Colleague: 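This is the structure I want to talk about, given as structure tokens.
Convention: sequence-line order gives letters A, B, ...; per-chain numbering from 1. The shown structure was predicted, so the numbers you read here are calculated from the model rather than taken from an experiment.
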Number of protein chains: 4
Amino acid sequence: MRGERDGTDDTDASGARQSIGARRNPASAAAILDAAEALLAEKGLGGFSIEAVARAARAGKPTIYRWWPSRTSLVLAVYQRSKQVLPEVDTGSVAGDCRAFLTSLLTYWRDTPSGQLFRSVVAEAQHNTEAAEVLAAYSDERHNGTANIFRRAMARGEIRADIDPVLAAEMLASFARGRLLTGRLDAPPAAIERVVDQFVGGLRA
Amino acid sequence: MRGERDGTDDTDASGARQSIGARRNPASAAAILDAAEALLAEKGLGGFSIEAVARAARAGKPTIYRWWPSRTSLVLAVYQRSKQVLPEVDTGSVAGDCRAFLTSLLTYWRDTPSGQLFRSVVAEAQHNTEAAEVLAAYSDERHNGTANIFRRAMARGEIRADIDPVLAAEMLASFARGRLLTGRLDAPPAAIERVVDQFVGGLRA
Amino acid sequence: MRGERDGTDDTDASGARQSIGARRNPASAAAILDAAEALLAEKGLGGFSIEAVARAARAGKPTIYRWWPSRTSLVLAVYQRSKQVLPEVDTGSVAGDCRAFLTSLLTYWRDTPSGQLFRSVVAEAQHNTEAAEVLAAYSDERHNGTANIFRRAMARGEIRADIDPVLAAEMLASFARGRLLTGRLDAPPAAIERVVDQFVGGLRA
Amino acid sequence: MRGERDGTDDTDASGARQSIGARRNPASAAAILDAAEALLAEKGLGGFSIEAVARAARAGKPTIYRWWPSRTSLVLAVYQRSKQVLPEVDTGSVAGDCRAFLTSLLTYWRDTPSGQLFRSVVAEAQHNTEAAEVLAAYSDERHNGTANIFRRAMARGEIRADIDPVLAAEMLASFARGRLLTGRLDAPPAAIERVVDQFVGGLRA
DNA sequence: ACCTAAGCGAGACGGTACGTCTCGTCTTGCG
DNA sequence: CGCAAGACGAGACGTACCGTCTCGCTTAGGT
């Protein structure tokens with residue numbers, strides 16, 4: 001029977017996505033971001049190109065350029081969409097919190113696409129002003145979040161009153177980032193323990 | 001039929017650098033590295049291309065590819081050539097050494113092309129295995145060098161005997177690298193002082 | 001990382017020919033063929049390169065390769081476009097027709113770019129199968145056209161009934177082609193007269 | 001390709017041919033011409049390059065350029081070396097001589113490398129003045145040789161006294177060349193017979 | 001119920017850079 | 001001085017993407 005339809009018939013067989021009128025099609029945006037994320041996660045910044053994203057998303061290049069005016073902004077959009085604050089655990093001690101922070105961050109970067117994604121953003125930020133600004137702002141924000149570890153500890157009287165929580169957070173996070181960027185995410189618990197011990201306890205005899 | 005040319009060659013007759021026989025011409029290598037370094041320092045990885053290097057160096061592309069098989073390896077070569085260990089000062093105290101280390105490193109990166117150069121290497125390492133390996137090896141080596149600060153302090157009995165000097169060096173250097181990669185090399189002395197204080201003295205009350 | 005560009009694009013703003021949508025731009029095709037014809041006519045196959053054509057036509061190389069997958073096919077396209085059947089004159093006698101044919105053909109080749117164009121096609125056909133096939137097919141077609149001279153004469157009873165008109169045409173044309181390919185287009189009328197006399201009258205005493 | 005040896009590879013097992021003092025080494029010249037001829041015969045002008053010849057002959061490029069200043073002159077040298085006048089048969093009749101001439105020429109071109117070689121020379125002559133001159137001179141010489149067919153016939157009184165023997169030879173040879181250049185060397189005896197009949201007997205009823 | 005406006009896919013456009021090939025020149029070290 | 005070897009500057013090869021453009025289609029919302 002000609003007219004037989006099994007509801008799944010939208011847009012012909014090939015699944016071409018079309019305009020939904022004079023407004024942005026969220027399906028296209030999603031398809032593009034999905035494709036971009038997949039490409040970035042899979043091959044990193046190399047192999048990531050607007051053409052490749054358009055192909056993978058079955059989208060037209062102008063559709064991409066309309067909403068993300070450059071490669072960088074698409075990378076950033078993917079990154080913004082995917083990033084999620086790691087659950088902030090409160091172990092009750094600053095050392096425990098630091099250990100949990102480092103462990104979960106390294107694991108998160110190692111076991112999800114986010115690691116590759118963040119590496120891409122950092123790489124992009126090394127020669128693109130916009131990405132650099134986004135990265136700097138994001139770093140501030142994250143360090144500020146992580147600083148809660150030290151604010152709590154200070155409130156408990158566990159650490160010195162003259163500690164700068166954000167600076168301490170930056171120091172801790174920098175170590176993790178250094179490991180990410182040099183491809184050494186697989187630090188054993190003992191190594192993390194040592195880092196935390198030196199960081200919290202200081203070096204002095 | 002490929003590459004047919006009519007006699008209109010004339011090679012410009014001017015200061016053309018030519019072969020010096022069946023062996024590498026150091027003048028060409030130097031010109032290429034100089035040009036590559038200039039481009040990298042001036043514009044970063046963007047704007048850095050083999051074509052541009054060849055143009056700037058008045059060299060043929062095959063001459064570049066003969067000796068540096070990829071963009072990455074040329075970036076690395078430039079970087080290897082330019083890097084120089086900062087003078088290792090011995091101020092007599094671990095805090096002084098750390099302060100000197102951070103201050104001179106940030107200044108060096110800020111005031112010489114080396115900062116941009118190193119940023120390029122890091123960016124390259126985020127999607128290129130070879131660059132990643134070189135960066136990892138270089139990081140190890142540098143941290144090991146910086147670790148001398150802590151080895152000396154340990155010998156003086158100034159710091160705990162269970163400190164891992166290399167790990168401590170990595171923590172200190174990671175902070176500096178984090179600043180480089182997020183474009184914040186202009187830390188005032190007070191900020192550096194604080195970092196060193198927290199790092200050496202620890203957080204504990 | 002490939003093809004990264006900083007914003008310094010600016011496309012010159014002048015008379016840039018651009019896309020007219022997702023279909024071929026005839027202006028580009030014309031500009032390319034014009035440029036190719038000019039280059040071929042001026043310098044022959046030497047000095048003819050896709051790069052040179054692209055430069056002269058202010059076209060991108062991919063635009064050329066999109067429509068003409070090889071140098072050969074571009075040469076053939078130029079040739080196909082330019083070729084035009086010489087007016088078929090009917091002088092009333094086979095000798096007169098042959099004389100007119102040879103004279104006008106040699107003159108045409110000598111005084112228009114077509115001579116150089118045809119030489120290029122022949123040269124190309126000596127090492128390229130596609131060009132060889134096109135040349136063979138074209139030769140057949142032309143000889144068949146020229147054969148009309150002999151068909152008319154046969155109808156008039158002027159020549160033997162067992163003459164093969166196409167073969168006769170090939171013999172006549174081969175002589176002209178031989179002159180073209182050896183650079184002897186300036187045959188005086190007397191020489192042509194003699195060729196025609198021997199050809200039509202035969203050798204026998 | 002380096003180690004590949006076909007029989008033509010003189011020079012002993014180690015393969016290194018060296019200077020024999022301050023004079024030309026005939027073994028090198030021979031190896032070069034052999035290699036060039038093999039390449040031309042095998043792949044035609046495409047695939048023929050000085051580099052390829054040098055590789056195949058295990059010769060240095062300067063050695064080639066020393067003796068043959070251009071690709072064209074090397075092609076011509078190969079051609080000159082290989083060309084050999086076909087045995088001039090005297091069948092006693094002009095028609096028989098013409099038939100023998102065409103048959104043996106087409107067969108020779110079809111069954112030996114000489115056909116491809118001559119095609120290369122003709123192609124080269126279409127955009128290279130030197131080759132054009134050599135080809136023109138060679139054509140003259142050959143036509144003059146072939147003209148003997150008609151000189152003999154004239155002496156026998158078999159053909160008209162006002163025939164131009166060289167011109168007649170050119171007409172005959174042009175037909176054969178046309179066939180060579182359009183890749184139609186496999187004319188059956190009947191077709192050749194017909195050509196000869198029309199040529200010798202003329203067209204007139 | 002039309003009509004305008006904008007988003008969509010598609011893909012051609014002028015370009016730049018890629019990495020490879022050959023050009024013709026040069027200089028070496030050996031014989 | 002001839003030779004093999006091979007580096008050199010130059011530039012064409014054919015391909016991949018760049019970012020821009022226009023097309024023909026679709027649909028929503030204002031008239």
Colleague: Please report the interatomic distance CG(Leu33(A)) to CD1(Ile64(A)), rounded to the nearest 0.5 Å.
Modeller: 9.5 Å

Colleague: Nearest 0.5 Å, please: how far is CH2 in Trp67(B) from CD1 in Ile32(B)?
Modeller: 10.0 Å

Colleague: Provide, to the nearest angstrom, the distance between the CZ atom belonging to Arg71(A) and the C1' atom belonging to dA16(F).
Modeller: 14 Å

Colleague: Give the B/S/- string for nucleotides 3-8 of chain E, one per nucleotide from 5' to 3', where a protein heavy atom under 4.0 Å of the base yields B, of only the sugar-phosphate yields S, and otherwise -.
Modeller: --BBBB

Colleague: Could you work out, with ring pair (Phe, Tyr, Trp, His ring centres under 6.0 Å) as the rule, every residue matching Tyr65(C), not counting sequence neighbours?
Modeller: none

Colleague: For Gln126(D) and Gln116(C), work out which heavy atoms get closest and say how close.
Modeller: O-OE1, 3.7 Å

Colleague: Quick one: Glu51(C) CD to dC23(E) C1', roughly how many Å, whole number?
Modeller: 15 Å

Colleague: For Ile64(C) and dA12(F), give me the distance from atom CD1 to atom C1', rounded to whole Å.
Modeller: 12 Å

Colleague: To the nearest angstrom, how far is Arg55(A) atom CZ from dT15(F) atom C1'?
Modeller: 12 Å

Colleague: Give the nucleotide from the list dC13(F), dA10(E), dC17(F) with an atom nearest to the side chain of Ser49(C).
Modeller: dC13(F)

Colleague: Are any side-chain N or O atoms of Arg71(C) and backbone N or O atoms of Phe48(C), one a donor and one an acceptor, separated by less than 3.5 Å?
Modeller: yes

Colleague: Give the nucleotide from the list dT15(F), dT22(E), dT20(E) with an atom nearest to the side chain of Tyr65(C).
Modeller: dT15(F)

Colleague: Write out all pairs satisfying salt bridge (charged side-chain N to carboxylate O under 4.0 Å, His left out) with one or both partners inside residues 23-36 of chain B, taking only residues at least two apart or from two chains.
Modeller: Asp34(B)-Arg81(B)

Colleague: Judged by atom type as modelled, is there a donor-acceptor pair below 3.5 Å linking the side chain of Arg17(C) to the main-chain atoms of Arg58(C)?
Modeller: yes

Colleague: If you find the nucleotide of DNA chain F closest to Pro62(A) and the one closest to Ala54(D), which residue's nucleotide is nearer the 5' end?
Modeller: Ala54(D)

Colleague: Name the residue closer to the 5' end of DNA chain E, choosing between Ile32(C) and Lys61(C) according to the nucleotide with the nearest heavy atom.
Modeller: Ile32(C)

Colleague: For Arg66(D), check salt bridge (Lys or Arg N to Asp or Glu O under 4.0 Å) against everything at least two apart and list the hits.
Modeller: none

Colleague: Once side-chain hydrogen bond (donor to acceptor under 3.5 Å, both in side chains) is applied, do any residues pair with Ser49(B), and if so which ones, sequence neighbours excluded?
Modeller: none

Colleague: Provide, to the nearest angstrom, the distance between the CH2 atom belonging to Trp68(D) and the C1' atom belonging to dC23(E).
Modeller: 18 Å

Colleague: What integer distance in Å separates Leu45(A):CG from dC17(F):P?
Modeller: 14 Å

Colleague: If we fit an axis to the first five pairs and another to the last five of the helix from dA1(E)-dT31(F) to dG31(E)-dC1(F), what angle do they make, to the nearest 10°?
Modeller: 10°

